[in-house]
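See structure below.
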Amino acid sequence: MQRLVEGIHHFRENYFAENQSLFEHLARDGQTPETLFITCSDSRVVPNLITSAAPGELFIVRNVGNIVPSVARGMIGGVAAAIEYAVQVLNVENIVICGHTQCGAIDAILDPSRVRHLDFVSRWLSESEVIPNLLRDKYAHLEGEARLVAAAEENVLVQLENLRSYPFISSRLDAGTLKVAGWVFKIATAQVFGYDPVVQQFVSFASSPAPP
Ligand SMILES: [Zn+2]
């Protein structure tokens, strides 16, 4: 804990001192984030760091497995409330769902026996129970790390689909007033891969100069 307290001092003496007017502006005028960023709770994924986003730019929802509960399945709670607030009140222009490599939730989705003793985790991850079947159908040739990456990618795509189950999102997507994107963050290299619906693959932003 002492490490965190020292970090607070460091933050105030450095970042805050250099950006004090930004914080005063945000306190005075409120937040107008352009993007709702939905990602995993994993400590290795740091949204503001990997996107170089300043305070006030990202409205962030984090949970185990970057899951968006579908309205139809009825597991409505804090995630749905945050999505509704971001879209209906803050009028975000973008929603990014960002999965990542080495995700413990993906391991558990592929092998539910790992978390059978964890009542809440196993119920939560059941939102992604279609993933093992998807892997069997589409990626039977993959194994090891490649299979896990494919699972992380498919999990992001399932959550993008689940976003559409919220009427206030599907109507904005149809009207063209909201954009959604699926990303996967590769921890070891800090690369971000974005889903390209034209080629139906995740493509590294390093080789793609115009991310969505
Ligand atoms: Zn994760």
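When a ligand or atom number is given, it counts from 1 through the structure's own listing order. Values in this document were obtained by computation on a predicted structure and should not be read as measured data. Along the sequence shown, residues are numbered consecutively beginning with 1.
Shown here are the protein N/O/S atoms lying under 2.8 Å from the Zn ion (ligand 1), water excluded: C40 SG, H100 NE2, C103 SG.
Shown here for N48 and I60, the closest heavy-atom pair between the two residues is OD1-CD1, 3.3 Å. Of all the heavy atoms in F185 and A190, the pair that sits closest is CE1-CA, 3.4 Å. Taking both residues in full, the closest heavy atoms of V64 and W124 are given as O-NE1, 2.8 Å, listed atom of the first, atom of the second, then distance.
Here CD of E145 is found 6.5 Å from OG1 of T101. Values are rounded to the nearest 0.5 Å.
Around atom OH of Y85, no more than 12 heavy atoms belonging to other residues, nucleotides or ligands sit under 6.0 Å away.
Note: F16 and F11 have tilted aromatic rings, judged against thresholds of 30 and 60 degrees for the angle between ring planes.
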